[in-house]
Amino acid sequence: MTTTLITGANKGLGHETARRLLAAGHTVYVGARDAERGRRAAEELGARFVLLDVTDDASVEAAAKTVEADGGLDVLINNAGIETRTDDNSVPVAETVTADHMRTTFETNVFGVVRVLHAFLPLLRRSAAPVVVNVSSGLASLTHLSDPEHPAHFYPGIAYPTSKTALNMLTVQYAKAFPDLRINSVEPGFTRTDLNGNTGTQTVAEGAEIIVRMAQVGPDGPTGGYFDIDGPLPW
């Protein structure tokens, strides 16, 4: 039985990914920082709940101990993420972004991933087929954002794409450091979730497809890559 932990799984892409992996036979932990919402989501799905705030060391360490006591971990999906928005649902642009915007975004999207992976790495390394999926974004691609012919070029925000580019670097470096793990970044596409004020053009079912696919790669699967539903993406 494959045991999977998904951070930020009480709603959106994380919730749909949990549903799909449960259907595929995984034992799934719904990681959530809100205990009531997390437990409700886990009960609805038939999953396990673990309290997990990726911005808090003690919370992450306690979650790792809980999962370890229950038997261990095979797949970690770093799905929890934020994008700072203004009251009118726009993103802070170059003229208005502050160091606090950057710090808040990085605390979840980058430092949170490091915190969680550090805590759960000992469990993953005991697995026969350990997998890590980092939920990135197409906005992390330096190639696309610097190409005037690509739609992503016109995204005006600073904090979110910068954090996801940093996440991609974590993927590359961790994959080299731990060749026995399959560690990849994925781009779900512009999906309707609370993160973007539900302005996305895809459903969560469509967005979760690449996450679910990469969560199920075998020991001979790719590692250190960056993928969307159609294949590898340029860094």
Side-chain angles (χ1 to χ4, degrees), residues 3-24 26-56 59-60 62-63 66-67 73 75-91 104-113 115-117 120 132-140 157 159-160 163-164 167 185-216 228-229:
T3 300
T4 299
L5 166 66
I6 308 170
T7 66
N10 61 290
K11 61 182 180 178
L13 283 169
H15 187 276
E16 176 63 14
T17 300
R19 186 188 71 78
R20 295 274 297 277
L21 290 176
L22 283 162
H26 288 219
T27 296
V28 174
Y29 284 91
V30 168
R33 62 183 177 178
D34 185 299
E36 182 180 350
R37 292 178 183 175
R39 287 196 181 93
R40 187 185 313 128
E43 288 173 4
E44 291 171 353
L45 289 163
R48 301 178 183 182
F49 166 68
V50 63
L51 185 65
L52 198 164
D53 179 348
V54 304
T55 68
D56 183 80
S59 172
V60 173
T66 296
V67 174
L73 187 67
V75 179
L76 170 63
I77 300 176
N78 288 306
N79 168 73
I82 64 168
E83 179 185 45
T84 54
R85 295 242 167 182
T86 61
D87 292 340
D88 63 355
N89 199 41
S90 61
V91 296
T104 298
T105 305
F106 268 64
E107 189 61 54
T108 295
N109 296 2
V110 181
F111 307 147
V113 171
R115 186 176 285 113
V116 171
L117 188 50
F120 284 91
V132 177
V133 180
N134 292 327
V135 179
S136 183
S137 168
L139 296 173
Y160 183 75
S163 73
K164 292 300 187 177
L167 175 62
S185 286
V186 298
E187 141 67 329
F190 190 31
T191 305
R192 287 191 295 278
T193 66
D194 288 350
L195 180 141
N196 55 47
N198 292 294
T199 58
T201 56
Q202 291 186 150
T203 65
V204 289
E206 292 170 317
E209 181 65 32
I210 186 59
I211 307 174
V212 172
R213 180 187 300 176
M214 298 308 291
Q216 299 180 89
D228 70 3
I229 196 63

According to side-chain hydrogen bond (donor to acceptor under 3.5 Å, both in side chains), who are the partners of T104, at least two apart in sequence or on a separate chain?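 Here no residue qualifies.
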
Shortest non-hydrogen separation from [X] to [Y] and the atoms involved:
X    : Y    : answer
S136 : L167 : CA-CD2, 3.9 Å
T108 : G81  : CG2-CA, 3.8 Å
P188 : V186 : CD-O, 3.6 Å
A215 : V75  : O-CG2, 3.7 Å
G46  : L22  : O-CD2, 3.9 Å
V28  : A18  : CG1-CB, 3.8 Å

Are the side chain of [X] and the backbone of [Y] linked by a donor-acceptor contact shorter than 3.5 Å?
X    : Y    : answer
Q216 : V212 : yes
S137 : E187 : no
E206 : T203 : yes

Non-hydrogen side-chain atoms of [X] and [Y] separated by less than 4.5 Å:
X    : Y    : value
V133 : N78  : no
K164 : L139 : no
D34  : N10  : no
T17  : T4   : no
R20  : H26  : no

Rounded at 0.5 Å granularity, tell me how far [atom1] in [X] sits from [atom2] in [Y].
X    : Y    : atom1 : atom2 : answer
L76  : T7   : CG    : OG1   : 7.0 Å
R85  : Y160 : CZ    : OH    : 9.5 Å
N79  : H15  : CG    : NE2   : 12.0 Å
Y29  : L73  : OH    : CG    : 8.5 Å
L21  : I6   : CG    : CD1   : 5.5 Å
F106 : I82  : CZ    : CD1   : 11.0 Å

Salt bridge or not for E107 and R115, using N-O below 4.0 Å? yes

Take atom CZ of R213 as the centre, draw a 6.0 Å sphere, and report whether it contains more than 12 heavy atoms from other residues, nucleotides or ligands. yes

Residue pair S163 / N109, side-chain donor-acceptor N/O under 3.5 Å: yes

Do you see a donor-acceptor pair shorter than 3.5 Å between the side chains of D88 and S90?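 Result is yes, a qualifying pair exists.
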
Can you tell which of V54, V135, N134 makes a side chain to side chain contact (heavy atoms under 4.5 Å, CB included) with V113? N134

Can you list the steps and then say if R40 with E43 is a salt bridge (Lys or Arg N to Asp or Glu O under 4.0 Å)? CA-CA 5 Å; R40 187 185 313 128; E43 288 173 4; over 6 Å; no

